[in-house]
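See structure below.
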Amino acid sequence: MLENLEKYHIILASNSPRRRELLGGLGIKFEVKVLPDIEESYPDDLSVSQIAEFIAKEKAEAYRNQIADNDLIITADTIVIADDEVMGKPVDAADATRMLHRLSGRAHQVTTGVCLTTKTQQRRFSVTTDVTFKQLSDEEIQYYVETYRPFDKAGAYGIQEWIGYVGCIGLHGSYYNVMGLPVQRIYSELLTL
């Protein structure tokens, strides 16, 4: 289906096992290559809807001087937004617990920004999914944080884990976007390269 990609050496610039699994699901060959210590900050005046795409672009820029003529670099960043507050990765169990209490019993947004970069072009986009959690009990939150230790996940949760099974009561948009990579949109973009 994606024969047009045969001319590219595709590089997924992410350590995320979820992103590797999701991109692999498209049936394309790719290599994982991650540069250390890439900055994930953003300007204070940026609107929350632009942050994930901005960070994905910044990640791509870190690879700019290493891109070969046939390389296609895929970078991404996922954020969780509740009442215009960006919830990044928790620093510890207390922070994860705080975040999950904030998301409990309400809707929030998950936005993933993606950047597709070659030597000669760059495409950027973001996808947002609305997610609603039931009212989570203190015991459910404590169990999830202690058992799954979601410290590498924006908003302190993985939708594909236990908390998603018992807590998610509504989802509007791409489920895979909530996991960390909007593969349907990436597929559509890759078709036109």
Could you check Leu190 against Ile28 for side-chain contact (heavy atoms from CB on, under 4.5 Å), going step by step and ending with a plain yes or no? CA-CA 11 Å; Leu190 292 175; Ile28 59 176; 4.1 Å; yes
When rounded to the nearest 0.5 angstrom, what is the spacing between CZ in Phe54 and OG in Ser41? 7.0 Å
Atom CG of Leu103 and atom CZ of Arg98: how far apart are they, to the nearest 0.5 Å? 9.0 Å
Taking the side chain as every heavy atom from C-beta outward, state whether Leu5 and Phe30 have any pair of such atoms under 4.5 Å apart. no
All heavy atoms of Ile51 vs all of Leu46, minimum pair found to be CA-CD2, 4.0 Å
Is there a donor-acceptor pair closer than 3.5 Å between any side-chain N or O of Thr97 and the backbone N or O of Ala93? yes
Between Asp71 and Tyr63, is there a side-chain heavy-atom distance shorter than 4.5 Å? no
Going from CZ on Arg19 to OG1 on Thr112, what distance comes out if it is rounded to the nearest 0.5 angstrom? 6.5 Å
Please indicate whether Asn65 has more than 12 foreign heavy atoms, meaning atoms of other residues, nucleotides or ligands, lying under 6.0 Å from its CG. yes
Given Tyr157, which of Tyr148, Phe151, Phe133 fulfils the ring-ring contact (aromatic ring centres under 6.0 Å, His included) condition? Phe133
Point-to-point distance, once rounded to the nearest 0.5 Å, from CD1 of Ile186 to CG of Leu181: 3.5 Å
Between Leu193 and Gln121, does the side-chain contact (heavy atoms from CB on, under 4.5 Å) criterion hold? Intermediate values first, please. CA-CA 10 Å; Leu193 283 179; Gln121 65 177 316; 3.9 Å; yes
Taking atom NZ of Lys57 as the centre, does the number of heavy atoms from other residues, nucleotides or ligands within less than 6.0 Å exceed 12? yes
For the CD1 atom of Ile10 and the NZ atom of Lys33, what is their distance to the nearest 0.5 Å? 15.0 Å
Which atom pairs, donor and acceptor, lie under 3.5 Å between side-chain atoms of residues 159-169 and protein residues at least two apart or in another chain?
from: Glu161; atom 1: OE1; to: Tyr144; atom 2: OH; distance (Å): 2.4
from: Glu161; atom 1: OE2; to: Lys153; atom 2: NZ; distance (Å): 3.3
from: Tyr165; atom 1: OH; to: Gln160; atom 2: O; distance (Å): 3.2

side-chain contact (heavy atoms from CB on, under 4.5 Å) between Thr192 and Arg123: does it pass, once the steps are laid out? CA-CA 11 Å; Thr192 64; Arg123 292 190 189 174; 2.5 Å; yes
From CE (Met87) to CD1 (Ile81), nearest 0.5 Å: 11.0 Å
More than 12 heavy atoms from other groups under 6.0 Å of NE2 on His101: yes
Donor-acceptor check, side chain of Thr128 to backbone of Thr111, threshold 3.5 angstrom: yes or no? no
I'd like to know if Arg64 pairs up with Glu61 as an ion pair, taking the criterion as any Lys NZ or Arg NE/NH1/NH2 lying under 4.0 Å from an Asp or Glu carboxylate oxygen. yes
Are the side chains of Ile73 and Lys59 in touch, meaning some heavy atoms are under 4.5 Å apart? no
Taking the side chain as C-beta and beyond, is there a heavy-atom pair between Val80 and Met99 under 4.5 Å? no
Would you say Thr129 and Tyr175 make side-chain contact, with heavy atoms under 4.5 Å? no
Whether Asn177 side chain and Val127 backbone form a donor-acceptor pair below 3.5 Å: yes
Flag the pair Gln184 / Ser188 as yes when at least one side-chain heavy-atom distance between them is below 4.5 Å, and no otherwise. yes
Under a 4.5 Å cut-off applied to non-hydrogen side-chain atoms, are Ser14 and Arg20 in contact? no
Surrounding CZ of Arg106 (heavy atoms of other residues, nucleotides or ligands, distance under 6.0 Å), is the total greater than 12? yes
With the side chain counted from C-beta on, respond yes when Asp152 and Asn15 share a heavy-atom pair under 4.5 Å apart, and no when they do not. no
